[in-house]
Amino acid sequence: MKLNFFNGSALHTVRFAMCVLLSALLMLSDHHGGYADRVRNALSLVVYPIRFVVNEAFVSLPNATFGWFTTRQTLLRENEALREERLVLNARLERLREAEEENRRLRALLDFSARIDNSVIVAKVLGVDIDPASNHLELDKGAQHQVRRGQPVIDGRGVLGQIDRAGPLSSAVILITDVNHAIPVHSKRNGLRSIAIGNGAAGDLNLTHISRDDDIREGDLFVTSGLGKVFPPGYPVARVASIRRTEGGGHADVRLEPVADLKRVREVLVMIPSAEAVADADPR
Amino acid sequence: MDFSAPSHVSIRLVVASFVFAFALSALPMPDWATLWRPPWVALVLLFWALHAPERAGVFVGWMCGLLLDVLAGTLIGQHALALALVAWLGQGIRRHVRLSAVWEWGLAVFLVMVIGQLVVSGVTSLRGRPVDPWIYLSVPAAGLLVSPSVFFLLRRPWREVEEE
């Protein structure tokens, strides 16, 4: 190629140099959690309609269209199943209410502070990040709806992650499988404590500091331990999928599979802690 | 970014093509396909940089990149840098690539897409996040595969305006 490759476009080169400089500044600022967040929030208002329309056109509309053609038979069957499920759930709820009442009495006796009740917001998943290196979900609720950074996000089955960025109208959830996410957990079977760290693109988690001799089996359920104060205790996180005990060293590699359906979830619950909990909870 | 300069391409067409490219970028895709998502915005930008340089300069590319960063959830500035580079390269090679020679043009598109992807995924891996090495080739390859459709779709209306 000739040397006068960019001949006559000196102006473009100057512009390009400016863009490089600005990009570098923005990236550094964003990496260190600085001013770039405001740029992101402002631009998210422009991107929101695109996400919304695409989600409506390619996810909600097809679902609704196919749903419309469901046969009467299917509907009746579904209705029946739902009614049965409601009965079972109602019975369980009754028992739970009793237990809660008892719990409160005992706590009062022991002079413990009452467990904080969380309120929740139902949010729709607008889409997943198109960057394959990141495990994030985009939600259709933002700061306008009291969504803030660090709030836990769950679905009907277990923990999904926590709010990473809260824009004005939308927010991003960092999933528990992201390499930058760690969640304090304990085994439901024997209380063994550990921290579950995301494994990235693979879509599973790893337990840290597990020694060869720890009592841990395939299928063990790990729930939030409540340490770290971001997640309330007792919510299911993941099940042990495989254990590999190293021959020489003293530790074991434990792989967990998330309980929540991270890949196909359409609606999630964002937990809004009460005011006093917000005061002393530090996100991450 | 100089929209006031005389041009044979209407601003409306340029804006519409970018909106469409963003929508395609936000399209939900199954897990296995994420490595093969064509770089729609970069393709449209490159097309305009080659065919109507007064409509899509470095600044337009940079702004589109910022929006794409928000859409993709990457660092603010990551796609902006890559797309500014794509626009700059497009304007630079414009005089050297015969747009009528298919293989020359295909090679140019592929190389520019590879360079853009190097910037985006390079920054991601610099941050210590895992990057599938295939992405450096799979995304530009997907771009090359769909590029005829983009170029054909955008070229027709452009020609009609020109003939008026």
Side-chain angles (χ1 to χ4, degrees), chain A residues 1-2 5-9 11-20 22-31 36-37 39-44 46-48 50-51 53-55 57-59 126-134 136 138 164-165 167 172 178-180 199-203 263, chain B residues 1 19-20 22-31 34-35 37 53 57-59 61-63 65-85 87-89 91-96 119-121 123-132 134-135 138-139:
Chain A
M1 217 150 275
K2 282 176 268 172
F5 182 61
F6 288 105
N7 196 12
S9 58
L11 187 64
H12 282 123
T13 309
V14 172
R15 282 180 182 167
F16 177 58
M18 278 172 65
C19 288
V20 172
L22 279 172
S23 306
L25 286 176
L26 279 172
M27 280 191 276
L28 278 175
S29 148
D30 200 16
H31 187 62
D37 246 17
V39 179
R40 186 189 297 278
N41 281 352
L43 290 177
S44 74
V46 183
V47 172
Y48 181 79
I50 296 175
R51 270 196 191 281
V53 168
V54 168
N55 186 59
F58 290 94
V59 184
L126 278 185
V128 291
D129 269 357
I130 57 180
D131 180 14
S134 99
H136 280 74
E138 202 74 22
D164 191 23
R165 304 184 294 263
D178 192 284
V179 279
N180 285 347
N199 212 353
K263 298 260 163 74
Chain B
M1 192 130 99
V19 169
F20 204 65
F22 276 108
L24 284 172
S25 303
L27 217 61
M29 272 176 117
D31 258 359
T34 48
L35 272 184
R37 183 189 288 280
V58 172
F59 277 145
W62 192 71
M63 282 308 296
L66 282 187
L67 289 176
L68 200 55
D69 279 323
V70 176
L71 191 73
T74 42
L75 272 186
I76 295 283
Q78 201 169 332
H79 281 96
L81 179 61
L83 289 192
L85 183 63
W88 186 62
L89 287 174
Q91 302 223 327
I93 63 175
R94 200 165 67 84
R95 276 166 241 248
H96 302 270
V119 172
V120 174
S121 297
V123 172
T124 304
S125 66
L126 269 183
R127 292 179 75 198
R129 289 169 158 274
V131 171
D132 191 328
W134 277 109
I135 203 167
S138 67
V139 168

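The sequence lines fix the lettering, A, B, ..., with proteins before strands; numbering per chain opens at 1.
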Shortest non-hydrogen contact from B/Val58 to A/Cys19?
CG1-SG, 3.5 Å
What part of A/Val20 is in contact with chain B, defined as an atom under 4.5 angstrom from a non-hydrogen atom: side chain, backbone, both or neither?
both
Interatomic spacing from OG in A/Ser44 to CG in B/Asp69 - rounded to 0.5 Å:
13.0 Å
Do you know which two heavy atoms are closest between A/Asp30 and B/Ile76, and how far apart they sit?
OD2-N, 2.8 Å
Determine whether A/Arg15 and B/Trp62 satisfy the following criterion, side chain to side chain contact (heavy atoms under 4.5 Å, CB included), listing intermediate values before the conclusion.
CA-CA 10 Å; A/Arg15 282 180 182 167; B/Trp62 192 71; over 6 Å; no
The interface call for B/Asp132 against chain A, heavy-atom contacts under 4.5 Å, is neither
Okay, A/Ile50 and chain B: the region with an atom under 4.5 Å from a heavy atom over there is side chain
Of all heavy-atom pairs between B/Arg129 and A/Val179, which one has the smallest distance, and what is that distance?
NH1-CG2, 4.3 Å
Hey, mind stepping through B/Leu66 and A/Leu26 against side chain to side chain contact (heavy atoms under 4.5 Å, CB included) and telling me if it holds?
CA-CA 10 Å; B/Leu66 282 187; A/Leu26 279 172; 3.9 Å; yes
For B/Leu85, is it the side chain, the backbone, both, or neither that has a heavy atom closer than 4.5 Å to a heavy atom of chain A?
both
Closest approach of B/Leu71 to A/Val47 (non-hydrogen atoms, all atoms of both residues)
CD1-CG1, 3.1 Å
Which bit of B/Val123 is near chain A, if near means a heavy-atom gap under 4.5 Å: side chain, backbone, both or neither?
side chain
Most heavy-atom pairs under 4.5 angstrom with chain A, which of B/Ala87, B/Gly61, B/Ala84?
B/Ala84
So, does A/Arg51 use its side chain to make a donor-acceptor pair with the main chain of B/Ala26 at under 3.5 Å?
no
